[in-house]
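For reference, the structure is listed below as structure tokens.
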Amino acid sequence: MKTIIVFGSFVGNTETMAGYIQEGLRQAGISCDVRDVMDVSSEILLDYELLILGSPTYEPKMIQEDMLPFFDQMEKLKLDGKLGATFGPGDSAWPDFCTAVEMLEERMRNCGVRILCESLMVDGIVEEAESATLEWARELARKALSESGTG
Ligand SMILES: Cc1cc2nc3c(=O)[nH]c(=O)nc-3n(C[C@H](O)[C@H](O)[C@H](O)COP(=O)(O)O)c2cc1C
């Protein structure tokens, strides 16, 4: 199943999570492309079946700054029939915990993407959530493969 992870990351935590998710998917039989949002435009999503988007949350705009143009351009994309999931790190000391992840999920739904599982939100140190992130990715892969009829 053609799969892509697109992430924005300022300090590197979302990039670290993207690496764990790539590894978890691999363990469950899905290889994927991983792209920093700075290197792609939203149309790249048209080429894939399983779309995984990740952003940290930063007040006041919530979505990570590099990801804002990609997020805006997504609005005009038709992604019906595609499968998806979202993830991101945050910090519950802030009043709007992981709001960017919710915004990405809503945008994907509005584009026609079928969201396969609850989004992954990590509070605090992402390295401490490595095994939970791997498990989330393996479960996502199992659902994606069974939905597509190839699992
Ligand atoms: C200025 C600033 C604003 C932040 N605002 C929020 C916020 O509103 N909600 C939240 O959950 N986390 C917030 N965070 C925490 C970041 O999302 C968190 O540190 C995240 O791991 C950064 O990811 P990155 O390394 O991929 O950039 C904020 C952090 C900073 C420095």
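We count residues from 1, following the sequence as given. When reading the values below, keep in mind they use all heavy atoms of this one structure, side chains included, and skip hydrogens, waters and symmetry mates. Both counts, for ligands and for their atoms, begin at 1 and track the order of listing.
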For residues 1-12, which side-chain donor-acceptor pairs fall under 3.5 Å, sequence neighbours excluded?
residue	atom	partner	partner atom	Å
Lys2	NZ	Asp47	O	3.3
Thr3	OG1	Met1	O	3.0
Ser9	OG	Gly12	N	3.1
Ser9	OG	Thr14	N	3.4
Ser9	OG	Glu15	N	3.4

Could you tabulate the donor-acceptor pairs under 3.5 Å formed by side-chain atoms of residues 113-124, not counting sequence neighbours?
residue	atom	partner	partner atom	Å
Arg114	NH1	Glu147	OE1	2.5
Arg114	NH2	Glu147	OE1	3.0
Asp123	OD1	Ser92	N	2.9
Asp123	OD1	Ser92	OG	3.4
Asp123	OD2	Ser92	OG	2.5

| field | Atom pair CD1 (Ile52) and CG (Leu104), whose distance is rounded to the nearest 0.5 Å | value | 12.5 Å
| Ion pair present between Glu105 and Arg109, side-chain N to carboxylate O less than 4.0 angstrom? | yes
| message | Just to be sure I understand the cut-off, which residues have at least one non-hydrogen atom under 4.0 angstrom from an atom of ligand 1? | response | Ser9, Phe10, Val11, Gly12, Asn13, Thr14, Pro56, Thr57, Tyr58, Glu59, Pro89, Gly90, Asp91, Trp94, Asp96, Phe97, Cys98
Donor-acceptor pairs under 3.5 Å, side chain of residues 68-84 to any protein atom, not counting sequence neighbours: which ones?
residue	atom	partner	partner atom	Å
Lys82	NZ	Leu46	O	3.1
Lys82	NZ	Tyr48	O	2.7

| task | Return yes when atom CD of Glu106 has more than 12 non-hydrogen atoms of other residues, nucleotides or ligands closer than 6.0 Å, and no otherwise. | result | no
